[in-house]
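Okay, structure first, notes after.
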Amino acid sequence: SNTSTALRCLIRRHSVSQDLRDLASEMLSGPFSTENSLKNGIEIAVNGAKVLMSSNEWEGIAVGLLIATKIVEMDEVELDSDFIAFLYEKGEVNLEHGEPRVRVMVARMLGSLGKRRDFGIKTYDRFIGKLSSSIKTNFERTQNTIKDKISGEKDVAVDDTTGWKALETSILALKELVTSIGKTLIEGGRLSDEIMEYACKGATEHINRHVREASFGLITSIIEALEVINPKDPFSMKLAEAIAKGLGDNWSQVRFASSVSNRTFLKGLQTHENRSEFYPLLLPRMCLNRYYMAEGVKLYSQQTWKMFMGENGRDTVAQHSAQVVDYYISMTEANNHVVREAACHCIAELAAKVDKSAVACFVDRLLAALLTCFRDESWPVRDAACVASGMFASAFKDECRAHLPMLFDLWFKHLAEPIWSVREDSAAALGKVCAAYGDEVTQKCFQWIDENLCKAYEQEPMTFDEMKARQNDAKAHTDQQRYSCGSLAPKLKKGGCSDCEITRPSAPWEFTDGAIYLLNELSSTSPEKAAEYLPKLADVAVLTHFPQGDTLRETLWKLLPNMARNMGKKVFRPHLQLMIDPLFETLARPCTNQLAEHAARNCIDELSGFMGRSIFYGRLNEQQKYEMDRWSCSSRFN
């Protein structure tokens with residue numbers, strides 16, 4: 001918050017004394033009335049900050065510290081010794097204040113003092129003892145109890161953050177000082193081994209995630225102060241080990257903070273030769289975080305990778321393939337399903353991008369890990385395993401041939417998954433395998449299509465209203481198992497003996513949907529054979545006895561243009577007429593959902609463009625021509 005906003009907030013707080021609120025109003029109309037008014041009202045601002053910091057209310061103290069920080073940050077203002085002594089006194093008093101927002105403002109104030117050449121080292125020397133003592137004393141969780149503010153109950157155990165008192169904010173204060181003073185601390189020998197030890201210990205061993213995140217902030221500041229890192233220094237390896245552990249932390253905020261430390265550490269090493277000494281430890285973790293679910297971690301890690309690897313990333317991974325593979329396999333066994341998913345994506349990347357000679361000797365181990373993930377209770381993990389296994393089987397034909405029977409069982413099973421993206425990716429994996437192995441596996445895929453393409457006819461008849469009534473039946477959902485986000489599993493267990501047993505059975509229409517996805521993939525390798533199934537697709541497209549029929553039509557109309565292109569005009573033309581009526585019926589039906597309607601409209605446009613407008617238009621009846629002309633006119637105006 002800036003000072004003006006903080007003062008306005010103070011005025012609005014009716015729990016704050018009237019005197020403090022009146023003072024805030026005076027300051028807001030005086031030195032803080034405009035952006036430039038502070039320069040002419042420094043004395044008023046200083047006196048107001050002193051009054052606020054001397055109050056017994058934490059809101060006043062916090063705003064006073066914020067104003068003091070603003071004043072100290074103004075380089076053109078000369079600070080008198082009395083004001084500095086007052087700031088030191090209030091900093092010491094409030095360093096372990098009961099309100100964390102006050103402690104954070106103390107840390108910011110110390111950082112602003114550290115930036116002043118005339119007070120930086122003096123401030124550090126004044127506070128380092130107290131900060132070190134605070135960190136050392138509070139590193140272990142207090143066993144004291146407190147009185148609950150809401151219920152009034154006594155002897156209540158302290159919460160996760162309060163239990164370590166001022167540990168996090170003391171680390172933040174030290175980080176602010178190290179950041180603001182920088183190299184001067186190193187040159188003066190003031191950054192003791194004890195501080196570095198606590199930074200690494202807090203980052204890697206402490207149970208509280210906020211403490212770990214703050215510790216990595218301190219580590220980053222220490223590395224920036226060092227500027228140049230000597231790879232032969234034993235402490236450099238200690239830093240690398242701490243960073244490596246943070247890059248695999250279960251909390252995204254900690255993982256991001258360690259990613260910042262990692263980039264700073266690699267910069268400090270300066271040369272590729274120096275960095276190479278730490279790549280066996282850091283490289284596998286850097287690779288995996290490029291696929292981590294948290295967007296901040298993923299994007300930052302990708303930028304770091306480009307910054308230091310350039311065009312040599314594949315070669316570097318190949319050089320350290322043993323360490324990379326070991327780490328990937330270990331992460332497929334992680335308790336966090338997000339990490340297992342990222343590991344599968346990374347294994348897929350090994351198959352697609354890295355020199356095969358560097359990966360071939362690890363294929364059996366990697367496939368075993370993927371087979372475990374194939375049975376994971378988290379569907380995103382299974383989805384990623386589908387993609388990765390398809391890439392591996394197509395890239396390493398000879399090595400994977402013995403595993404094909406088991407892989408086919410899993411791919412076919414996932415073609416009917418309740419999750420549509422898993423069905424799509426299973427089909428994509430089978431498409432890659434068919435392209436690689438040819439007829440020996442393609443016939444097996446067509447056999448599966450023969451058995452499952454028409455299963456939608458077996459779907460239980462049901463209206464949309466009946467489906468919604470079943471879904472919203474309170475009795476059916478009371479006292480039942482609750483499931484985790486991103487999974488159909490209660491606890492997101494990793495794969496193995498569980499074998500996805502709690503996943504609901506696939507509905508008949510989902511087998512048909514998977515068959516359509518698979519047929520789309522096979523249309524590129526066996527176009528004439530795939531074309532033989534178009535009449536059955538046209539029949540399936542008119543099924544309306546179940547609510548998910550629109551989802552089935554959406555899939556078909558999204559994929560049909562691609563099938564047509566794969567088959568070619570000559571092969572597809574005889575079957576065009578079969579598809580026209582179902583397409584226009586989808587659009588004419590009042591209850592069609594918007595996704596299916598959009599897919600049908602787009603399919604008509606693409607097929608018209610592919611076959612030629614005159615050929616397509618000539619096969620329409622009068623009503624269909626009228627509708628198509630109306631859309632064309634509407635699209636021109638839109």
Side-chain angles (χ1 to χ4, degrees), residues 415 423-424 427-428 430-431 434-435 439 442-457 509 511-544 549-589 592 595-629 631-632:
L415 271 177
R423 298 195 294 270
E424 182 181 38
L430 284 165
C434 288
D439 289 342
T442 302
Q443 292 306 314
K444 185 176 292 190
C445 291
F446 277 117
Q447 183 181 349
W448 192 90
I449 292 174
D450 288 332
E451 295 169 358
N452 296 283
L453 181 58
C454 295
K455 276 200 173 181
Y457 288 95
W509 75 267
F511 284 88
T512 301
D513 197 64
I516 295 172
Y517 279 115
L518 182 55
L519 195 61
N520 175 58
E521 297 294 332
L522 296 180
S523 66
S524 61
T525 55
S526 304
E528 294 184 357
K529 178 68 173 176
E532 296 175 8
Y533 292 86
L534 291 177
K536 290 184 179 180
L537 290 182
D539 292 338
V540 166
V542 298
L543 295 179
T544 58
D550 277 346
T551 305
L552 205 58
R553 280 182 281 278
E554 179 194 348
T555 300
L556 175 57
W557 303 142
K558 282 194 305 185
L559 300 179
L560 188 60
N562 185 65
M563 292 187 200
R565 286 188 288 268
N566 288 340
M567 294 173 187
K569 293 180 181 180
K570 183 178 179 181
V571 174
F572 183 75
R573 187 181 293 115
H575 306 281
L576 175 60
Q577 189 66 50
L578 292 172
M579 296 297 176
I580 289 177
D581 285 345
L583 272 168
F584 281 89
E585 285 175 15
T586 300
L587 295 170
R589 197 174 295 113
T592 297
L595 291 174
E597 182 180 339
H598 175 77
R601 195 183 300 273
N602 189 66
C603 182
I604 290 171
D605 288 340
E606 289 197 46
L607 289 179
S608 175
F610 172 66
M611 299 301 297
R613 181 175 174 80
S614 60
I615 294 176
F616 187 88
Y617 194 78
R619 294 171 181 257
L620 306 182
N621 60 38
E622 292 303 317
Q623 180 61 33
Q624 292 166 348
K625 290 177 181 178
Y626 169 78
E627 292 294 330
M628 190 168 178
D629 290 339
W631 303 331
S632 300

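All values below come from the heavy atoms of this structure, side chains included, with hydrogens, waters and symmetry mates left out.
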Residues in salt bridge (charged side-chain N to carboxylate O under 4.0 Å, His left out) contact with Lys529, at least two apart in sequence or another chain: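 By the salt bridge (charged side-chain N to carboxylate O under 4.0 Å, His left out) rule, Lys529 matches Glu532.
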Please enumerate all residues that pass salt bridge (charged side-chain N to carboxylate O under 4.0 Å, His left out) together with Glu554, with sequence neighbours excluded.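 Glu554: salt bridge (charged side-chain N to carboxylate O under 4.0 Å, His left out) contacts with Lys558.
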Looking only at the side chains, is there a donor atom on one of [X] and [Y] sitting less than 3.5 Å from an acceptor on the other?
| X | Y | answer |
| --- | --- | --- |
| Glu606 | Asn602 | yes |
| Gln623 | Glu627 | yes |
| Ser523 | Asn566 | yes |
| Asn621 | Tyr626 | no |

Aromatic centroids of Phe616 and Phe610 separated by under 6.0 Å: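 No, the ring centres sit 6.0 Å or more apart.
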With rounding to the nearest 0.5 angstrom, report the CD to OG distance, Glu521 to Ser526.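 Rounded to the nearest 0.5 Å, the CD-OG separation comes out at 12.0 Å.
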Please name the residue in the list Ile516, Val540, Leu522, Ile449 that meets the side-chain contact (heavy atoms from CB on, under 4.5 Å) test with Tyr533.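 With Tyr533 as partner, Ile516, Val540, Leu522, Ile449 yield a single side-chain contact (heavy atoms from CB on, under 4.5 Å), made by Ile449.
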Report the C-alpha separation of Asp550 and Arg553 in whole Å, then their side-chain angles, then the decisive distance to 0.1 Å, and conclude whether the salt bridge (Lys or Arg N to Asp or Glu O under 4.0 Å) test is met. CA-CA 5 Å; Asp550 277 346; Arg553 280 182 281 278; 3.1 Å; yes
Side-chain atoms of residues 577-585: list all donor-acceptor pairs with protein atoms under 3.5 Å, sequence neighbours left out, distances to 0.1 Å.
unit_1	atom_1	unit_2	atom_2	d
Gln577	NE2	Arg619	O	3.4
Asp581	OD1	Gln624	NE2	2.9

Any side-chain heavy-atom pair from Leu518 and Arg423 closer than 4.5 angstrom?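 No - every pair of side-chain heavy atoms lies 4.5 Å or more apart.
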